[in-house]
Amino acid sequence: MKNLHNILGLLYVTMTFAMYAQSKDESSDLLDSLQAQGHEYFMTYKDDSLKLIINQIKETTVDQNTSKYRAKSNEWLAELNVNEDTSVYYPIINQAIQEYSVLGDINAALMSKWKKGRKKQYLGDHEGAIFYYRNLLVEIENAKGELTSQQYCHLNTISLKRISTNYEQLGLLKNALDYAQLAEQEASNCDNVKARLHAFQIISVIIAKILEEQPNNILYQEKAIRYFNDMLSLSKSSEEPVFEAIALLNSAIFYKNRNNYSQAKDRCSQAFLIPHVKKENDPRLTSHIYLTTAEVFQKEGNKDSSSVYVEKMRIVATKAKSIEHDAWSNLNYGKWLLKEGRTKEAIFELKKIEFLTPNNKENIRLSHKSLSEAYKHNKNYEDAFYFITSFHQLTDSLQNYKNQRQIAMLINESDLANQEKKIAELKAVSARQNQIKYLMIAGLIILITSVIAIIFFFRQKVLKTEQIRNNIQQRLFRSQMNPHFIFNMLGSIQTFLLDKGSSEKAAQYLSKFAKLMRQILTQSQCDMITLEEEIETLENYLILQKMRYNGTFNYDIKVDIKDHPSDIEVPPMILQPILENAIEHGRIHAMEGGNVKLVIRESANNLLVSVIDNGVGRKATKIPVLHKESMALNIIKDRLEYLGKTLERNLSLTFSDAHHRGTQVEITLPLMN
């Protein structure tokens, strides 16, 4: 079939250029026809006949009227060579960008630049891709006046999505989620349904990864369900069956992982009813749905049904004609066989992974973990030890690599922030330019308005002097708080390493500590952060402390407010020292059934926060809280005092004995949306 299309392509080119030689006056029409034929080949086969068509177009386009065809040909050639070495790809795409720029087709030039950035992502240069796309956003903003509203919106959307996926690959999931949500908002502004659905799909993947790290995080569980439902509703209303099936599959996996098997089976059943899935138009998607169904039945103990669906998964997976998907199929089939106790068959399937995808360390890592379990089940402890050792080595290698990439990314965060500032400045300039067109009509009004604005400015400057002074004082307090917090956490790491002596646990602890430090350092630059971010930071801190004390105490976080936590702002680093006080001075870690509870509720215009522990109480502690308070508590009181003055509110921090035993701390914070 491919040879036939090559021959047809050659005949088509020969006939077309014979006609072109006879009548050069019709060159544009002929080139239009030739490019249309080339586009058909490009969208289907991408074979040698297409390359011949492209080269013939390039040789024919010698004047300004037909140079657009030459630019398009270079763009296609670059796409055909996207998997080639950069020395082949970049010169071709750069030539296309230059030709589009000369022609004044700014949208096509920017799209080619976008494709150039995608090459960085294919090469695994995720930091480089992020910086590239951030710079591209600046270029798009700068070219706003030369683009239609739809072109501007589309370019912004696809660039934001690429930034999100690169952050995801680096493991910076919070950043990835922020940019995916921005992409969804931008697509909504364009009224681009497909782009919105793509963004929803990216968001779902990111939230699923966050829940792997924080399975009990209620906020992200609620977010996951909300986005699944939004994606499902939008895909149904817009008649996009692929995305409807993806939304059902993602929600089925979500419910399966939380042992809600009835909901998981219901979502899979709905997915099977979609014609796109029934006809197996997308073998990858259909095989994923079969696998999820098989896993649900296996967890329920229904072996017969599970066997039926896993066999269907294997049959459909082969239709994808992809080595990577074959490896995925073998890996999951091997895991399934292992759970069924069919260890010899499992070993046979799992050993294929390394031969199918020798360069995919993640696939090999997961297969080695399962192989270790299989050999251990067969009492072949030598091979079991070999594969579990390999699993841990690959895990450490991948984690170290990811950590290095994250550190490199964080070091350059200031550059990214500068780019954000530049984009904001460009948007502000663009807005002012649009306003000037109307303001020039009424010059006299501008003059009067300017005088009034100057008077108002100086008046406001006098009125806000005290507020500025208070804000500076707040920053000073936060700068005092950060060294205090870092000192305490470094002491925790030292204790953990000395007491535990376990390199694996220490590495895990250090990784989580690095994540917490990143949150603290980021938030310390803000006057206010969202309540959602504060809760996430506090939960990460409590997890670290629980690891340090081998889980000897429990914690509970309860939020009882009308608005979503992401819509409410609070000052950072207020609550963490209170929790630290409860754990360290309350000594809940050293007693049986130790517990600390954080309750956040609203009253009038305030947030009422309670920290209740069942520790030794204020009288028993060696450092009486009310008489010789720690530096952290003194700083918190001062911060609340200055914040209260600024907002003209009564904010407070009080201590009392808990109902049964321990200490109860009550904090009043402003309720700010």
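The first residue in the sequence is number 1, and the count goes up from there.
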Please test Phe272 against Tyr290 for ring-ring contact (aromatic ring centres under 6.0 Å, His included), starting from the C-alpha separation and ending with a verdict.
-> CA-CA 9 Å; Phe272 285 127; Tyr290 278 132; 5.1 Å; yes

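Residues Val611 and Leu575 have side chains not in contact (no heavy-atom distance under 4.5 Å, counting atoms from C-beta outward). In this structure, Asp556 and Leu598 have side chains that are not in contact, with every pair of non-hydrogen atoms separated by 4.5 Å or more. In this structure, the side chains of Leu248 and Cys268 stay at 4.5 Å or more apart for every pair of heavy atoms. Side-chain contact check for Ser164 versus Ile206: some heavy-atom pair is nearer than 4.5 Å. Contact annotation: the side chain of Tyr555 never approaches that of Leu579 to less than 4.5 Å [non-hydrogen atoms, C-beta and beyond]. Side-chain contact between Glu244 and Met231 is absent, with no heavy atoms from C-beta onward closer than 4.5 Å. Under the 4.5 Å side-chain criterion, counting only non-hydrogen atoms from C-beta, His368 is in contact with Leu371. Gln545 places a side-chain heavy atom less than 4.5 Å from the side chain of Phe553.
No salt bridge links Asp230 with Arg226; every basic N to acidic carboxylate O contact stays at or beyond 4.0 Å. Residues Lys352 and Glu349 are paired through a salt bridge, judged by an N-O separation under 4.0 Å between the basic side chain and the carboxylate. The residues Lys339 and Glu295 are annotated as not salt-bridged, no charged nitrogen and carboxylate oxygen being separated by less than 4.0 angstrom. Ionic pairing of Lys265 and Glu300 is present here: one or more N-O contacts between side-chain nitrogen and carboxylate oxygen are shorter than 4.0 angstrom.
Cation-pi check for Lys119 over Tyr122 is not met; the charged atom does not lie both under 6.0 angstrom from the ring centroid and within 45 degrees of its normal. Geometric assessment of Arg314 against the ring of Tyr333 yields a positive cation-pi assignment under the 6.0 Å and 45° thresholds. Both cation-pi conditions hold for Arg258 and Phe254: the charged atom is under 6.0 angstrom from the six-membered ring centre and inside a 45 degree cone around its axis.
When all heavy atoms of Ile353 and Leu331 are compared, the closest pair comes out as CD1-N, 3.4 Å. The shortest non-hydrogen separation linking Thr357 to Ala327 is CG2-CB, 3.8 Å. The nearest pair of heavy atoms linking Gly334 to Ala346 is O-CB, 3.5 Å.
A distance-only check finds a donor-acceptor pair linking the side chain of Glu533 to the backbone of Thr530 [under 3.5 Å]. Side chain of Gln221 to backbone of Pro215: a donor-acceptor contact under 3.5 angstrom is found. Trp114 places a side-chain N or O within donor-acceptor distance of the main-chain N or O of Ile158, the cut-off being under 3.5 Å. Side chain of His288 to backbone of Arg284: a donor-acceptor contact under 3.5 angstrom is found. Not a single donor-acceptor pair under 3.5 Å links the side chain of Gln201 to the backbone N or O of Ile246. For the pair Ser251 (side chain) and Ala247 (backbone), a donor-acceptor distance under 3.5 Å is present. No donor-acceptor pair under 3.5 Å is formed between the side chain of Ser370 and the backbone N or O of Ser367. Between the side chain of Asn581 and the backbone N or O of Pro577, no donor-acceptor pair lies under 3.5 Å. Of the possible polar contacts, none joining the Asn378 side chain to the Asn380 backbone as a donor-acceptor pair under 3.5 Å is found. In this structure a side-chain-to-backbone donor-acceptor pair under 3.5 Å is missing from Ser306 to Asn302.
Rounding to the nearest 0.5 Å places CZ of Arg267 at 13.0 Å from CD1 of Ile289. Distance CG/Leu350 to NZ/Lys335: 9.0 Å, rounded to 0.5 Å. In this structure, Phe385 CZ and Ser372 OG are separated by 10.0 Å, a value rounded to the nearest 0.5 Å. Between the CG atom in Asn360 and the CG atom in Leu366 there is a gap of 9.0 Å [rounded to 0.5 Å]. Between the CD1 atom of Ile207 and the CD1 atom of Ile202 there is a distance of 12.0 Å, given to the nearest 0.5 Å. In this structure, the separation between CG on Asn540 and CD on Gln576 is 12.0 Å, given to the nearest 0.5 Å.
In this model, no donor atom of one side chain and acceptor atom of the other lie less than 3.5 Å apart for Arg365 and Ser390. His325 and Ser287 share a donor-acceptor pair across their side chains, judged by distance under 3.5 Å alone. With no hydrogens or angles considered, a side-chain donor-acceptor pair links Tyr179 and Arg134 at under 3.5 Å. Lys120 and Asn166 form no side-chain donor-acceptor contact under 3.5 Å, judged by distance and modelled atom types alone. There is no side-chain donor-acceptor pair under 3.5 Å between Gln169 and Gln121. Looking only at atom types and distance, the side chain of Asn217 has a donor-acceptor partner in the side chain of Gln214 under 3.5 Å away. Judged purely by distance below 3.5 Å, without hydrogens or angles, the side chains of Asn257 and Tyr255 never pair a donor atom with an acceptor atom.
Between His126 and Tyr167, the distance separating the two ring centers is not shorter than 6.0 angstrom. Between Tyr386 and Tyr375, the distance from one ring center to the other does not fall under 6.0 angstrom.
Among Asn614, Asn595, Thr552, Val616, the one residue that satisfies the side-chain contact (heavy atoms from CB on, under 4.5 Å) test with Ile588 is Asn614.
Remark: Ile225 CD1 is packed, more than 12 non-hydrogen atoms of other residues, nucleotides or ligands lying under 6.0 Å away. At most 12 heavy atoms of other shown residues, nucleotides or ligands fall within 6.0 angstrom of atom NZ in Lys597. Atom NZ of Lys299 sits in a crowded spot, with more than 12 heavy atoms from other residues, nucleotides or ligands closer than 6.0 Å.
Ring pair Phe243/His198 is perpendicular by interplanar angle, where above 60° counts as perpendicular and below 30° as parallel.
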